[in-house]
Amino acid sequence: MGNKGGSEAWAFIKQVVAGRWFSVFAGLIMMIGNGTTYVFPTYSKVIKTQFDYSQTQINTLGFAKDLGSNIGIIAGLLAEVTPTWVLFIIGAFQNFTGFFLIWLSITARIAKPKFWQMFILVCFGTNSSNWANTAIMVTSVRNFPDRRGIILGLLKGYVGIGGAIISQLYLAIYGHNDPSNLVLLFAWLPSLLILILFPSIRPIRIRKHPDELKVFYQLLYVSILLAIFILFLTIAQKQVVFSQAGYVGGASFVVCLLCVPILIACREELLLYKLNKETAAPSVALSMLHQNPPTLPTSADSEIPEISPSCCPNIWNKPERGEDFTILQAVFSKDMALICLATFSGCGSSLAAIDNLGQVGESLGYSQRAIGILVSWVSIFNFFGRVFSGFISETLMTKYKLPRPLTFAFAFLITCVGQLFIAYPFPGSLYLAAIIIGFGFGAQNPMLFAVISEMFGLKRYSTLFNCGQLAAPFGSYILNVDVVGKLYDMEALRERKQIAGKGLTCTGAHCFGGSFTVLAAATLFGAVVMFVLAYRTREFYKRDVYKNFNEEIWIPQTEMEFYRLDNKKNIED
């Protein structure tokens, strides 16, 4: 009897770890490590002080960060021909190497790097996020093809809140006295999470069940609770000086909330485990759990198209929207051109605003603790923007047939308002700007990836979404370096404030007023371009976008509901 119970428990544990919902949990946790991108305003101040860089140089490093975190084409192409574990190993190695070398340099444990060397280190370290990002997103979209807006919103939401979570872990582990230790945490924590959890990210060969949407909403509620707790925790840290024990207590509760999705995964797998055991023989149950959806071939199983004389003419012979495009057909399409133009101007200006938030706070006289709170708020509301845009745009698209690019355009307009609050500041406006810009930029991110998957299909998705996001760092470079950085340095030279250890320094609202007005105009232009795309695709979104993925459900709705009610009755008895 004991052996039988032990074998059943072991079988259930294996089913949980091999299940889709544990894969979702593993993806969410690993995505937190990618949130290091949005903590650049915190550790860039350490780099500026340590190496006496000007604001233009810091903004150039900001471009290196944006460039590294968005150049994922190599990862996308490699995902077409290799298993996902290859991408995870490369990403873990690259993350540790890049950030560890940055930490060694700013703590003077190695010789001071030249500026071009620091540029490469920042680009190399942040580029590591693309490997895990590509593997997780592509696999998750294929596992949940008709919930792609929702799953992308959740995954990218944890990237958004990842910066705030890592900041709390940093305070709990190292305290707040030495910000350079934050970079050390960036080096080892994301790499460790990847090495532990990456085996769970793979195509899961199981059909959907009718309660799938309810489970996603439960994950959403847990995520919102996590974000609200971190929000109030950061507010408390702004008002009261925490002891080390207080930081440890807050971080411990954050970790507990992060583990709640495991309980949701166990509950769902337990229902499937018992239902399969009671309604089918073990062999039948296993065949149900491991049958692959026929319409979703993985990239590794797909053949790479051979280059032939007919390849070039096929570039212009495009399929209908929603069908599988080749890489060149998508890249040379008008829809992709509009997406890239909007991403270049709108997302690029949003990145530039976030990268300069710490310097804006310094110029307006905010304390270092207040600036740290602002960066955390950007991360928290970045999360809210990502998860809500995924769920809301999905509802508007499936229920009301509104084009997803329309929601994308409104996300740009929201960001524009936040940038104007910085361009024309008033008391406390920077806190509002951090909330609005964080939410607006967060909302942009999952919609970009969802729109690309809907218009160009999933066959080459790993490469195409990396092509689409590539426009953002180039827009950020022009606006960050050639607009924000140079206008700031001009104002600083006019004030003749070059303080040793801080580089060129400007104080007052005029330091960023003109540059953020330009950023707001660029974001508004991105919104206009998205409105054009929404108009072009209005007929496409009136159809059933997910018609190719409406598979038969293995478990009938009535049977699942009957089992849940029966299970609930047994618990009450």
Do [X] and [Y] make a side-chain contact, defined as non-hydrogen atoms from C-beta onward lying under 4.5 Å apart?
X	Y	answer
F449	V141	no
I47	V183	no
F384	I435	no
S252	V248	yes
T134	F465	yes
C266	W21	no
I90	L78	yes
V215	R267	yes

Check your understanding: In terms of heavy-atom contacts, does CD1 of I74 have more than 12 from other residues, nucleotides or ligands at under 6.0 Å?
Key -> no

Review point. Does atom OH of Y431 have more than 12 heavy-atom neighbours from other groups under 6.0 Å away?
Key: yes

Output the distance between atom [atom1] ([X]) and atom [atom2] ([Y]), rounded to the nearest 0.5 Å.
X	Y	atom1	atom2	result
I264	C259	CD1	SG	12.0 Å
N181	Y170	CG	OH	6.0 Å
M447	I339	CE	CD1	12.5 Å
M31	L155	CE	CG	5.0 Å
L61	K48	CG	NZ	11.5 Å
T60	L67	OG1	CG	12.0 Å

Give a yes or no on whether the backbone of [Y] and the side-chain of [X] come within a donor-acceptor separation of less than 3.5 Å.
X	Y	answer
R202	S200	yes
T234	L231	yes
N356	N480	no
Q244	L171	yes
S129	T126	yes
S140	M137	no
R109	W103	no
S128	F124	no
S476	A472	no

Could you report the tightest heavy-atom contact between [X] and [Y], atom names first, then the distance?
X	Y	result
L189	I166	CD2-CG1, 4.5 Å
I73	N466	N-CB, 3.8 Å
S191	F96	OG-N, 3.5 Å
L357	A434	CD2-CB, 4.2 Å
S379	G163	OG-N, 3.4 Å
A352	L479	CB-CB, 4.3 Å

Practice item. Mind checking side chain to side chain donor-acceptor pair (under 3.5 Å) for T84 and listing every partner two or more places apart, or none if nothing turns up? Key: none

Parallel under 30°, tilted from 30 to 60°, perpendicular over 60°: which one fits the rings of [X] and [Y]?
X	Y	value
F216	F144	perpendicular
Y488	F512	tilted
F229	F253	tilted
F22	F25	tilted
F119	F63	tilted
Y43	F99	perpendicular

Review point. What pairs with C511 under disulfide (SG to SG under 2.5 Å), at least two apart in sequence or on another chain?
Key: C506

Exercise for review: Answer yes if the ring centres of F439 and W377 are under 6.0 angstrom apart, and no otherwise.
Suggested key: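 They do not qualify: ring centres at least 6.0 Å apart.
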
Review point. Are Y53 and F115 near enough that their ring centres are under 6.0 Å apart?
Key: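 Here the rings of F115 and Y53 have centres that are less than 6.0 Å from each other.
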
Practice item. Indicate whether the side chain of Q469 and that of N133 have a donor and an acceptor atom separated by less than 3.5 Å. Key: no

Check your understanding: Going by atom types alone, do S349 and T523 pair a side-chain donor with an acceptor below 3.5 Å?
Key ->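 Yes, because at least one side-chain N or O of S349 sits under 3.5 Å from a partner of the opposite role on T523.
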
Check your understanding: Looking at I414, I422, V378, which hits side chain to side chain contact (heavy atoms under 4.5 Å, CB included) with I437?
Key -> I422

**Study point:** Residue from D66, V484, N59 passing side chain to side chain contact (heavy atoms under 4.5 Å, CB included) with D355
**Key:** D66

Practice item. Would you check, one step at a time, whether the test side chain to side chain donor-acceptor pair (under 3.5 Å) holds for S462 with E80? Key: CA-CA 7 Å; S462 61; E80 302 276 358; 3.2 Å; yes

Point to revise | Evaluation steps, side chain to side chain contact (heavy atoms under 4.5 Å, CB included), between N127 and S69 | key: CA-CA 5 Å; N127 181 253; S69 61; over 6 Å; no

**Study point:** Test ring-ring contact (aromatic ring centres under 6.0 Å, His included) applied to F474 - qualifying residues, sequence neighbours left out
**Key:** none

Exercise for review: Evaluate the criterion side chain to side chain contact (heavy atoms under 4.5 Å, CB included) for residue pair I230 and L257; output intermediate values, then yes/no.
Suggested key: CA-CA 11 Å; I230 296 178; L257 289 174; over 6 Å; no

Review point. Step by step, would you call M30 with F88 a side chain to side chain contact (heavy atoms under 4.5 Å, CB included)?
Key: CA-CA 10 Å; M30 283 191 282; F88 284 120; 3.9 Å; yes

Practice item. Apply side chain to side chain contact (heavy atoms under 4.5 Å, CB included) to I436 and F381, showing your working. Key: CA-CA 8 Å; I436 295 171; F381 284 92; over 6 Å; no

